[in-house]
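In what follows, a single structure is set out as structure tokens and then discussed.
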Amino acid sequence: MSENNHPTPEETIDTNQIIEERRAKLHKLQETGNAFPNDFNREDLASAIHEKYGALNKEQLEETPAQATVAGRIMLKRVMGKASFATIQDMSGQIQLYINNAGIGEEEHTAFKHWDLGDIVGASGELFKTKTGELSIRVKSLRLLTKSLRPLPEKFHGLTDQEQRYRQRYVDLIVTPEAKKNFQIRSKAIQILRTFFTDRGYLEVETPMMQSIPGGATARPFVTHHNALDMQLYLRVAPELYLKRLVVGGFEKVFEINRNFRNEGISTRHNPEFTMLEFYEAYRDYKYLMGLTENMLRELAEACTGSSLIEYQGQDIDFGKPFQRLTMAEAIAKHNETFSSDELHDINFLREALARRKVPHFPADGIGMLQLKLFEETTEEKLIQPTFIVAHPTDVSPLARSNDDNPAVTDRFELFIAGREIANGFSELNDPEDQSNRFKAQAEAKAQGDDEAMFYDSDYIRALEYGMPPTAGEGIGIDRLIMLLTNSASIREVILFPQMRPE
RNA sequence: GGGCGGUUAGCUCAGCUGGUAGAGCAGUGGACUUUUAAUCCAUUGGUCGCGAGUUCGAAUCUCGCACCGCCUACCA
């Protein structure tokens with residue numbers, strides 16, 4: 001393979017006897033006419049036919065025969081001499097074809113017998129029910145629309161090799177109904193979210209993915225280069241700072257559903273590019289967002305799964321009940337009997353507890369930071385039911401507004417479900433001088449080697465100096481949310497083309 | 001990044017303590033007019049991930065490499 005990961009054509013050709021035989025069939029078709037016709041008009045979808053006629057009995061269908069014109073891929077084929085059955089699949093589902101000499105003539109039927117699983121055909125005829133009651137089409141005309149050269153995976157077991165499922169998603173989608181279903185749910189969920197916000201007067205926007213100063217999250221960015229401007233650009237790690245510029249500009253309710261890029265490892269919960277929903281609303285605070293988030297997720301679960309009670313990897317998760325709201329200390333005490341509330345507010349106790357668990361911490365860490373570390377170590381994974389954790393230390397929340405009563409913490413929450421962070425929201429910091437100081441602290445951390453720390457963004461400060469109204473904002477990782485809704489253990493089950501090493 | 005496991009026909013998988021590779025599906029030929037993973041008969045198909053080593057002999061043992069999966073770390 002060449003150094004830039006681009007295989008030469010020779011390297012990509014893999015072939016075998018089956019492919020060669022199919023290629024020969026294709027060439028034979030090309031001798032007698034156009035092997036790739038483009039003039040077939042599909043009129044009916046498999047699922048619509050089942051919905052409309054599935055309930056009728058054999059006799060009812062015989063009395064008033066309904067016509068259907070369908071197209072799809074041959075998934076199963078059963079040839080019995082003078083009669084044949086084929087199951088074809090379209091975007092909506094499957095329907096059975098009944099093919100015999102009486103319907104399409106002996107010559108056409110013989111041709112059909114040499115077609116292959118995976119070929120794409122168009123058929124029309126009348127609906128009937130077989131003696132076992134399966135709604136089928138008695139085919140009166142049948143055309144081969146696209147010859148398939150490559151054999152499909154085994155018809156019963158399908159594709160079980162996960163690597164191949166991800167690398168050749170097109171094959172996975174053909175033969176794995178659950179995979180298809182997951183992506184249909186994903187599409188529906190995003191559509192519902194979009195409607196949720198537009199119905200509430202939010203404006204959907206798109207902000208830069210290529211940024212000269214990546215901001216809005218503590219994460220390592222991807223770096224790229226613009227030739228004409230001869231400048232370094234970063235793929236965004238978050239849209240946050242641009243969305244808040246828009247709030248300054250007077251778009252008081254905005255949202256964006258789009259890709260973020262973070263230069264981190266790949267795992268069952270991480271893909272380098274992932275989809276993020278972020279939304280901002282002026283004249284609201286983080287408490288309002290918690291209520292909004294509850295409503296959103298409850299509505300989403302019901303629309304996508306039919307119930308506000310979903311099962312995820314063997315655990316029941318209830319979106320129907322009010323979500324708990326706890327501080328970190330409260331959550332730790334609630335889920336760990338060994339800690340009392342008093343102990344969790346004792347800085348020496350916390351240091352000792354972390355040391356016992358070999359969790360790194362520093363003398364400069366305040367009580368909030370120590371609680372956060374203990375929370376992550378002992379409690380996060382136990383938050384199965386939707387739970388808001390509030391009041392994060394200001395040190396780890398450089399864009400969030402400090403709490404009026406205790407500036408060491410922020411007006412912030414994170415939502416945990418099934419032991420994972422699903423949402424992160426806060427009242428936005430709109431004091432330009434405070435924000436400037438927090439950026440400076442981040443920039444300093446970066447200079448000291450923290451490559452996830454933020455850059456100083458002077459244009460963002462300038463925007464805040466024009467005045468950003470009091471605003472609340474939130475981000476939700478869409479892929480992980482879809483994992484919950486589809487009961488997927490891996491993020492790769494909800495990303496069509498997950499990042500893989502070159503073959 | 002660290003640990004463990006996997007890689008055999010187009011697909012799903014066997015292959016024992018080393019003796020030169022098998023099944024089912026798919027394909028090909030044949031039988032069969034309502035099948036349901038159709039059935040029955042015959043049959044084609046392999047650089048056993050790649051590269052070294054040990055051995056008379058390696059899919060099998062050893063080492064290295066590649067890719068994938070799972071766990072773990074950072075995060076959303």
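Here is the naming used below: chain letters follow the sequence lines, and residue numbers restart at 1 for every chain. All values derive from a computational prediction rather than experimental measurement.
- The residue A:R262 sits close to a base: some heavy atom pair falls under 4.0 Å.
- Within residues 153-164 of chain A, the residues having any heavy atom closer than 4.0 Å to RNA chain B are, in order of number, A:P153, A:E154, A:K155, A:F156, A:H157, A:G158, A:L159, A:T160, A:D161, A:Q162, A:E163, A:Q164.
- Nucleotide B:rU28 holds its C1' atom 14 Å from the CG atom of A:L117, rounded to whole Å.
- Nucleotide B:rG69 has B:rC4 as its partner under the Watson-Crick or G-U criteria, with both atom distances under 3.5 Å.
- We find the CG-CG distance between A:L144 and A:D119 to be 5.0 Å, quoted to the nearest 0.5 Å.
- Distances were taken from every side-chain heavy atom of A:H270 (C-beta onward) to each of B:rC75, B:rG10, B:rG69; the shortest belongs to B:rC75.
- Not one side-chain nitrogen or oxygen of A:R22 sits closer than 4.0 Å to the OP1 or OP2 atom of B:rG27.
- Using a 4.0 Å cut-off between charged side-chain N and carboxylate O, A:R325 and A:E294 make a salt bridge.
- As the counterpart of B:rG51, B:rC63 is assigned, both hydrogen-bonding distances of the Watson-Crick or G-U wobble pattern falling under 3.5 Å.
- The separation of B:rG18 from B:rA59, taken at their P atoms, amounts to 13 Å, rounded to a whole angstrom.
- Comparing the same atom, P, in B:rG57 and in B:rC41 gives a spacing of 42 Å after rounding to whole Å.
- Judged by distance alone with a 3.5 Å cut-off, a donor-acceptor contact links the side chain of A:Q17 to the base of B:rU44.
- A:L76 comes within 4.0 angstrom of sugar-phosphate atoms only, judged by non-hydrogen atoms across all strands, and of no base.
- From A:Y98, atom OH reaches atom OG1 of A:T130 across 10.5 Å, with rounding to the nearest 0.5 Å.
- Looking at heavy-atom distances under 4.0 Å, A:V79 makes contact with a base.
- Residues A:L159 and A:Q168 fail the side-chain proximity criterion, which asks for heavy atoms closer than 4.5 Å.
- Between B:rC70, B:rU34, B:rU35, one nucleotide has an atom nearer to the side chain of A:R78 than all others, and that is B:rU35.
- No N or O donor and acceptor, one from the side chain of A:E134 and one from the base of B:rU34, sit under 3.5 Å apart.
- With rounding to whole Å, A:F274 atom CZ is found 16 Å from B:rC74 atom P.
- Residue contacts for A:R220: at a heavy-atom cut-off of 4.0 Å it reaches no nucleic acid atom on any strand shown.
- Distance CG (A:D116) to P (B:rC25): 17 Å, rounded to an integer number of Å.
- Computed from coordinates, the A:I266 CD1 to B:rA73 P distance equals 18 Å when rounded to whole Å.
- Pair check for B:rU33 finds none; no Watson-Crick or G-U wobble contact set falls under 3.5 Å.
- Heavy atoms of A:G81 sit under 4.0 angstrom from at least one base atom.
- At a threshold of 4.0 angstrom between heavy atoms, the contacts of A:F128 include nucleobase atoms, whether or not backbone atoms are also involved.
- Taking atom C1' in both B:rC25 and B:rU44, the straight-line distance is 15 Å, to the nearest Å.
- Along RNA chain B, the nucleotide closest to A:W115 and the one closest to A:N271 are compared, and the more 5′ of them pairs with A:W115.
- Taking atom P in both B:rC56 and B:rG64, one finds a spacing of 24 Å when rounded to whole Å.
- One N or O on the side chain of A:K113 and one on the backbone of A:G81 form a donor-acceptor pair closer than 3.5 Å.
- The partner of B:rG22 is B:rC13, by the rule that a Watson-Crick or G-U pair needs both atom distances under 3.5 Å.
- The side chain of A:T268 approaches B:rC70 more closely than any other nucleotide in the set B:rC32, B:rG27, B:rC70.
- Rounded to an integer number of Å, the gap from CZ of A:F85 to C1' of B:rU39 is 14 Å.
- Rounding to the nearest 0.5 angstrom, the gap separating the CD atom in A:E311 from the CG atom in A:N487 is 5.5 Å.
- Counting non-hydrogen atoms under 4.0 angstrom, A:D451 reaches nothing in the nucleic acid.
- Base pairing analysis places B:rG57 opposite nothing; no Watson-Crick or G-U wobble pair with both distances below 3.5 Å involves it.
- Note on A:N424: nothing from the nucleic acid sits closer than 4.0 angstrom, heavy atoms only.
- Residue A:Q96 is classed as a base contact, given a heavy-atom separation below 4.0 Å to a base.
- The nearest whole Å value for the distance from the CG atom in A:D172 to the P atom in B:rC11 is 14 Å.
- Residue A:R492 is in sugar-phosphate contact alone, with no base atom involved, counting any heavy-atom pair closer than 4.0 Å across all strands shown.
- The shortest distance between the side-chain N/O atoms of A:R501 and the OP1/OP2 oxygens of B:rC67 is below 4.0 Å.
- Under the side-chain hydrogen bond (donor to acceptor under 3.5 Å, both in side chains) rule, A:N424 has a single partner from A:E278, A:R412, A:H392, which is A:R412.
- Using atom P as the reference point in both B:rU43 and B:rU47, the two lie 22 Å apart (nearest Å).
- Look at A:R269 and you won't find any side-chain N or O under 4.0 angstrom from OP1 or OP2 of B:rC75.
- Listed nucleotides B:rA38, B:rC74, B:rG27 differ in distance to A:M80; the shortest reach to its side chain belongs to B:rA38.
- Across all strands, A:K113 comes closer than 4.0 Å to no nucleic acid atom at all (heavy-atom distances).
- Rounded to an integer number of Å, the gap from A:H109 NE2 to B:rC32 P is 12 Å.
- Looking at heavy-atom distances under 4.0 Å, A:S267 makes contact with a base.
- Interatomic distance, CD of A:Q315 versus CD1 of A:I417, reported as 12.0 Å (0.5 Å rounding).
- Pair assignment for B:rG27: B:rU43, on the basis of Watson-Crick or G-U wobble contacts that are both within less than 3.5 Å.
- With rounding to the nearest 0.5 angstrom, the CZ atom of A:F426 is 11.5 Å from the OG1 atom of A:T471.
- For the P atoms, the distance linking B:rU54 with B:rC70 amounts to 38 Å, nearest Å.
- B:rC48 and B:rU60 have their P atoms separated by 10 Å, given to the nearest Å.
- Atom CZ in A:R420 sits about 13 Å away from atom P in B:rA73, given to the nearest Å.
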* **A:F455/A:D457 under side chain to side chain contact (heavy atoms under 4.5 Å, CB included): CA gap, chis, key distance, verdict** => CA-CA 6 Å; A:F455 290 77; A:D457 188 335; 5.9 Å; no
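- Distance check on atom C1': B:rA38 versus B:rA31 gives 14 Å, rounded to whole Å.
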* Would A:S488 and A:R186 satisfy side chain to side chain donor-acceptor pair (under 3.5 Å), going step by step from the backbone distance to the final call? -> CA-CA 12 Å; A:S488 298; A:R186 180 180 176 121; over 6 Å; no
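- Every residue two or more places apart in sequence or in another chain that forms a side-chain contact (heavy atoms from CB on, under 4.5 Å) with A:L496 is listed here: A:R169, A:L173, A:F183.
- If you check every strand for non-hydrogen atoms under 4.0 Å, A:E421 touches sugar and phosphate atoms only.
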